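Just below is one structure, and these are the notes that go with it.
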Amino acid sequence: MTDCIFCKIVAGGIPAKKAYEDEWVFAFHDIHPLRPTHVLVIPKKHIPSLAHVGPEDEPVLGRMLSVAQKLAAENGSGDGFRCIINTGRIGGQEVPHLHLHILGGPEPVGPMVTKLKENA
Ligand code: 5GP
Ligand code: ZN
């Protein structure tokens with residue numbers, strides 16, 4: 001049995017508020033939402049991060065993006081949203097199973113990232 005929490009969510013071993021599912025991807029609401037809309041889209045296949053994808057993953061990567069706009073619209077972000085894929089230590093990735101954050105709501109999401117002090 002895998003130790004990956006997102007694989008466990010796909011398998012139903014850990015409860016999550018499901019937003020979408022098809023043969024390739026699974027989507028669910030983030031347990032600690034940062035905006036009124038905060039949905040995670042993941043491949044059903046365990047891929048540790050965006051640094052681990054290959055050409056064979058292009059179909060599932062495309063599916064993740066194509067379902068993002070549908071999920072955003074269905075979850076209160078029809079006027080726009082932001083997609084984020086944190087990758088590795090530098091990217092601030094906490095869960096080592098590739099996931100796309102969809103962030104939105106009625107108000108602008110805000111600055112993309114804060115400036116580094118030396119560049120301010
Ligand atoms: P990361 O920092 O890796 O890009 O984002 C991981 C996200 O997964 C965080 O926003 C965190 O709140 C969310 N998360 C972690 N564990 C769980 C969980 O068990 N259930 C759900 N629904 N979200 C989770
Ligand atoms: Zn996994």
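Just so you know, these numbers come straight off a predicted model, no measurement behind them. Only heavy atoms go into these numbers, but all of them, side chains included; no hydrogens, no water, no symmetry mates. Counting starts at 1 for both ligands and their atoms, in listed order.
Residue H99 holds the heavy atom nearest to atom 4 (O) of ligand 1 of all those in H99, Q93, E94. By heavy-atom distance, the residue among I14, T87, D30 lying nearest atom 12 (O) of ligand 1 is D30.
In this structure, L40 has a heavy atom closer than 4.0 Å to ligand 1. For I84, the heavy-atom gap to ligand 1 stays at 4.0 angstrom or more. Residue contact check for ligand 1: A16 places no non-hydrogen atom closer than 4.0 Å to it. For K17, the heavy-atom gap to ligand 1 stays at 4.0 angstrom or more.
Using a 4.0 Å cut-off to heavy atoms of G92, the atoms of ligand 1 that qualify are 2 (O). Close approach to F6 involves these atoms of ligand 1, each under 4.0 Å from a residue heavy atom: 8 (O). The atoms of ligand 1 that sit less than 4.0 Å from any heavy atom of N86 are 1 (P), 2 (O), 4 (O). The ligand atoms of ligand 1 that sit less than 4.0 angstrom from a heavy atom of I5 are 16 (N).
Between D30 and H101, some side-chain heavy-atom pair lies under the 4.5 Å cut-off.
Put simply, the side chain of Q93 gets close to the backbone of P48: a donor and an acceptor are under 3.5 Å apart. Proximity of a side-chain donor or acceptor of H99 to a complementary backbone N or O of S49 within less than 3.5 Å is not detected. With hydrogens and angles ignored, the 3.5 Å screen pairs no side-chain donor or acceptor of R63 with any backbone N or O of D22.
Regarding atom 24 (C) of ligand 1, its nearest protein heavy-atom neighbour is I31 CG2, 3.5 Å.
Atoms ND1 of H46 and ND1 of H97, as seen from the Zn ion (ligand 2), are separated by an angle of 110°, to the nearest 10°. Geometry at the Zn ion (ligand 2): SG/C4 and SG/C7 form an angle of 120°, nearest 10 degrees.
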*asked:* The test is side-chain contact (heavy atoms from CB on, under 4.5 Å); show your working for Y20 and E74 and say whether it passes.
replied: CA-CA 10 Å; Y20 177 83; E74 285 176 4; 6.0 Å; no
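Within a 6.0 Å radius of CD in E107, other residues, nucleotides and ligands contribute 12 heavy atoms or fewer.
Residue-to-ligand polar distances place H29 within reach of ligand 1: an N/O pair is separated by less than 3.5 Å. Between H101 and ligand 1, an N or O atom pair is found at a separation short of 3.5 Å. Of the N or O atoms in I9, none lie within a sub-3.5 Å distance of an N or O in ligand 1.
Looking at D57 and K45, a side-chain N of the basic residue comes within less than 4.0 Å of a carboxylate O on the acidic one, giving a salt bridge. Salt bridge present: K44 and E21 bring a charged side-chain N and a carboxylate O closer than 4.0 Å.
When heavy-atom distances to ligand 1 are checked against a 4.0 Å cut-off, L34 has no atom that comes that close, whether in backbone or side chain.
Of all the heavy atoms in S77 and G105, the pair that sits closest is OG-N, 2.9 Å.
The one candidate from V41, V39, I14, I42 that meets the side-chain contact (heavy atoms from CB on, under 4.5 Å) condition with F28 is I42.
Aromatic rings of F6 and F26 (six-membered ring for Trp) have centroids beyond the 6.0 Å cut-off, not under it.
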